[in-house]
Structure formats: structure tokens, C-alpha cells
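Chain naming here is simple, since letters A, B, ... match the order of the sequence lines and numbering starts at 1 in each. Note that this is a predicted model, so its numbers are computed, not measured.
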Amino acid sequence: MKAVTIDPKRLAVIGAIRQKDLGASSKQGDKILSLAQKRSALEMELHRLRVDYSPAWRNDAYNQKIKQIEAEIAALKQQISAETEAKEPMREAATASGTLYDRCAEYLEGLK
Amino acid sequence: MTKAVNKNVASLLSSTRSAGEELRKGIQNLRDHIEHLQGLKEEVLKRPVAYSVAEKRLDDWVAGQVMFARETATKPEAFVSSRPGWAPPRFPFVDSMIVALAAQIKQSMQEGLRELYEGLDWVDEADRQAEIAKLDQEILDAELAEESIIRTAEAAGFPVRRRAEADPRAVLATDEALP
């Protein structure tokens, strides 16, 4: 088999790609977490409004507020679902570039 | 050929959006080719050994079985003792059968093996190694071509994902080592 000249510095290039992929995946994870926290806060607010206000006290403004929060929660749920779906290929890319980096590092180690 | 592709890819990337599609197709073709070659290699690795090798394995196996059986097979001497309270031999009858019928068993299995090999696509070990070496070289050449196109695309600002299972020799090769 013909020999291939190896440039050990190429590992740094692959490492940078891995870092970028990991960063993107992690950033997306943070984004999902932040949306989930917003949703939790709204759900708690909705719960509080329902518990604190007896039916006798509920007026149009109250009902409007409840509807608005419910709509916000539904929108957030949809957004979380879309962002989670978008995260999957990012996670796969990060795993793939991590695997490639590890294999390249192992190969270089074997050359020593 | 790869140099020509690289040149084309570089100029296309800077001028048209369809270059992205061209690039993806080019890389996908190479990846399909690599997968095909790896499949061929798997097939070569799975092909049965030469008949002579299988026959020798069979001979050795029968010889080993007979050798072990001889150690425990009941011998005629076991039946001649005049001692009071003689007891029948305790060793299994099957060992005696193996010793007695070894030649027939071997012949029968050899016949079965010969029949089996009439329909088998076997390969001699030297040929297998030569085929594998040839395929390994072709796979490496294809991987180097793939890496070359990826680097050209990267240089043109069009990053392409490498495969997790790409050959480290291609991924870590110097630019000069690429086609």
C-alpha cells in the first residue's frame, strides 16, 4: 500500500470543527432550556391565577389574561418542539465530529 | 481527475448556488463508491477458505477426537479379569465407537465437504490477501479524493461534514498527499 504523508497539525483543524459542532449543539440545548423555563413560569402563573381568583372575582380582563397565557404556553410548546427537532442533527454532527477527532487522535498516538 | 474536479468545484462555488448541489453529488458519489468497495472487501473476507485448508481442518479435528477417545475407550483387557466382583467398564461407549468408526466418520465427512465445495465460491489465502490489499488501496484512494474535495470546498467557504468513519490517514494527510 502506498504511504500517505501525515500532517499532525491537521488534528487541530478537526478539533476546531468538533468544538464548533459541540458549541452549536450546546447553544441549542441552552435555547431549549430557556424556552422550557419560560413555559414553566407561565404555567405557574396560570396556576396561580386559577387558584387565587375565585369564580366570583373573575371578569373579562381576567379571562382575557388566562387566554393570553394559554396561547403563549401553546406557542412555546410548539417552539420547543421545533427547536428540539432542530437540535437532533446538531447533536448527531457533534457526535460524528467527536468520533472522527478521537479516531484521528488515536491514529496519531499509534504513530508515535 | 480529482484536481480537475477540485478546480471546477472552486470556480463553481464562487459563481453559482448550484455548485453546492454539484459538490454534494460529487461527494455522495465518492461516498457511495467507498461503501461499495467496503462491501466488496467484506465479501472477500467472508469467502470460504480453500478446500485443502478445510480438508486439513477436518483431518486434524478427527485425529484430535480419536486421540482423546483412545485414552478413555474401553479396551478388550477390561473383560478378561478373573477377580471376584468384576464390574463392567465405566467409560462411555461412545469413545469406543469413535475409535472403531473413526475412518468411516472421516470418510463420510470428507465426502460431505467435497460436495459442499462443489457449490462454494472459495478463495486461496494468498489470493484473498492480494484482493484485500488491492481493495484497501482503492478505498484509501477514494477517501483521499473525498478529503481533497472537502478541503477545496472548505477553502471556498463551503464547509462539508466529514464522515465519522473517514480514514484518519486521509483526514490527516498533508495537502500534497491529496490527489
Side-chain angles (χ1 to χ4, degrees), chain A residues 1-36 79-112, chain B residues 1-3 20 24 27-28 30-31 34-35 37-38 40-41 44-45 126 128-179:
Chain A
M1 181 159 312
K2 283 179 272 175
V4 178
T5 321
I6 299 295
D7 177 8
K9 287 184 203 135
R10 291 284 315 161
L11 186 64
V13 176
I14 302 302
I17 294 170
R18 178 188 68 160
Q19 276 310 112
K20 197 177 158 197
D21 287 344
L22 277 175
S25 178
S26 162
K27 201 175 160 191
Q28 183 69 3
D30 291 346
K31 190 175 179 184
I32 293 167
L33 189 66
S34 160
L35 290 168
Q79 202 182 344
I80 288 168
S81 169
E83 298 294 352
T84 305
E85 209 171 301
K87 185 176 187 279
E88 190 50 25
M90 291 181 187
R91 193 192 60 77
E92 278 173 12
T95 306
S97 56
T99 303
L100 181 61
Y101 176 83
D102 290 345
R103 290 182 56 244
C104 287
E106 203 176 309
Y107 176 76
L108 278 183
E109 200 57 38
L111 290 183
K112 284 177 188 169
Chain B
M1 184 190 136
T2 312
K3 271 183 184 151
R24 265 191 293 278
I27 288 180
Q28 194 51 52
L30 270 171
R31 288 177 176 173
I34 290 166
E35 205 175 309
L37 291 171
Q38 283 168 339
L40 290 180
K41 185 180 164 183
V44 173
L45 284 169
R128 190 198 307 275
Q129 292 313 316
E131 265 190 71
I132 288 176
K134 181 175 160 277
L135 285 166
D136 277 342
Q137 185 61 59
E138 284 180 36
I139 292 169
L140 180 59
D141 288 345
E143 295 231 16
L144 288 167
E146 179 193 12
E147 178 64 21
S148 176
I149 293 174
I150 289 174
R151 285 192 203 173
T152 304
E154 280 175 341
F158 196 93
V160 177
R161 296 212 165 280
R162 287 174 177 80
R163 291 172 297 120
E165 66 277 14
D167 191 325
R169 288 172 297 176
V171 177
L172 300 172
T174 57
D175 287 340
E176 295 73 30
L178 298 178

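- Contacts with chain B were tallied for A:Val4, A:Ile6, A:Leu108, A:Leu111; A:Ile6 has the most, counting heavy-atom pairs under 4.5 Å.
- Within the 4.5 angstrom heavy-atom criterion, only side-chain atoms of B:Ala177, from C-beta onward, approach chain A.
- For B:Leu178, no part sits under 4.5 Å from any heavy atom of chain A, backbone or side chain.
- The two residues B:Leu144 and B:Ala170 make their nearest non-hydrogen contact at CD2-CA, 3.7 Å.
- Using a 4.5 Å cut-off between heavy atoms, B:Ala133 touches chain A through its backbone atoms (N, CA, C, O) alone.
- If you take CG on B:Leu40 and CD1 on B:Ile132, they are separated by 11.5 Å, rounding to the nearest 0.5 Å.
- Scanning both residues, A:Cys104 and B:Leu172, for their nearest heavy atoms gives O-CD1, 3.7 Å.
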Using only distance, no hydrogens or angles, which N or O donor-acceptor pairs sit under 3.5 Å between chain B and chain A?
unit_1	atom_1	unit_2	atom_2	d
B:Gln137	OE1	A:Lys2	N	2.8
B:Glu147	OE2	A:Arg10	NH2	3.4
B:Arg161	NH1	A:Asp21	OD1	3.4
B:Arg161	NH1	A:Asp21	OD2	2.9
B:Arg161	NH2	A:Asp21	OD1	3.2
B:Ala164	O	A:Arg103	NH1	2.8
B:Ala166	O	A:Arg103	NH1	2.7
B:Ala166	O	A:Arg103	NH2	3.3
B:Val171	O	A:Arg10	NE	3.4
B:Leu172	O	A:Asp7	N	2.8
B:Thr174	N	A:Thr5	O	3.0

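- Both the backbone and the side chain of A:Leu11 come within contact range of chain B, each with at least one heavy atom under 4.5 Å from a heavy atom of that chain.
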